[in-house]
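Worksheet: the structure to be examined is printed underneath.
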Amino acid sequence: MRTPSIVPEGADHDVYLVLDDLGRIGRVWRETSEESTGRATLIRELLEGQYVNPVRIVAFNITGGWSRDVTSEIADELRERCIDLDEVPVGLEDFLERARQAT
């Protein structure tokens, strides 16, 4: 008898989650829908200011069996986008500065 997998079907994709600092409330891993865990959606939501004060970003792939801190990688991509937009959204200034100092 074969045991069924606990990995959801279609799980072979990278998932991105944000640790957000909500001030007095504390830091939380932001809840998101399955459809909103992709890289492109994450970048768009960060640029739109949908996070209060992002601190860390992690990516993982269940099928691939890996996870890693992608904070610097995402910060680099955001810097490039901000140059194209000719502005840095207010909520990202601290995040980009902290990521730059961490490298």
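- For the atom pair S72 OG and I57 CD1, the distance stands at 9.5 Å (nearest 0.5 Å).
- At a threshold of 4.5 Å between non-hydrogen side-chain atoms, the residues L92 and P54 count as touching.
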(Q) Apply side-chain contact (heavy atoms from CB on, under 4.5 Å) to residues R44 and R81 and explain how you reach the verdict. (A) CA-CA 10 Å; R44 187 184 75 245; R81 298 280 183 103; over 6 Å; no

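- A side-chain hydrogen bond (donor to acceptor under 3.5 Å, both in side chains) with R56 holds for exactly one of D21, T71, D69; it is D69.
- Taken together through direct or relayed side-chain contacts under 4.5 Å among Ile, Leu, Val, Met, Phe, Trp and Tyr, V88 and Y51 form part of one hydrophobic cluster.
- Note: the hydrophobic cluster containing V28 does not contain L46 (ILVMFWY, side chain heavy atoms under 4.5 Å, direct or indirect links).
- Here the CD atom belonging to Q50 is positioned 10.0 Å from the OG1 atom belonging to T41, to the nearest 0.5 angstrom.
- Residues R27 and D20 form no side-chain contact, since every pair of their non-hydrogen atoms from C-beta on lies 4.5 Å or further apart.
- Side-chain contact between R30 and L17 is absent, with no heavy atoms from C-beta onward closer than 4.5 Å.
- Counted by atom type alone, N61 and R68 present zero donor-acceptor pairs between their side chains at under 3.5 Å.
- Counting heavy atoms from C-beta outward, Y16 and I43 have side chains that stay 4.5 Å or more apart.
- Residues F95 and L47 share a hydrophobic cluster, clusters being chains of Ile/Leu/Val/Met/Phe/Trp/Tyr side chains in contact below 4.5 Å.
- Under the side-chain contact (heavy atoms from CB on, under 4.5 Å) rule, L42 has a single partner from T37, V18, L78, which is V18.
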Any chance you could lay out the side-chain contact (heavy atoms from CB on, under 4.5 Å) test for R98 and N53, step after step, and finish with the verdict? CA-CA 11 Å; R98 280 192 309 271; N53 185 14; 3.2 Å; yes

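- The structure places CD1 of I74 at 3.5 Å from CZ of R39, a figure rounded to the nearest 0.5 Å.
- Contact check on R79 versus D76 returns a salt bridge, with a Lys/Arg side-chain nitrogen under 4.0 Å from an Asp/Glu carboxylate oxygen.
- Residue-environment remark: CG (L85) exceeds the threshold of 12 foreign heavy atoms within 6.0 Å.
- For the pair S36 and E45, the minimum side-chain heavy-atom distance is below 4.5 Å.
- Taking a 6.0 Å sphere around CD of E48, one finds it holds more than 12 heavy atoms contributed by other residues, nucleotides or ligands.
- The shortest non-hydrogen separation linking F60 to S67 is CB-CB, 3.6 Å.
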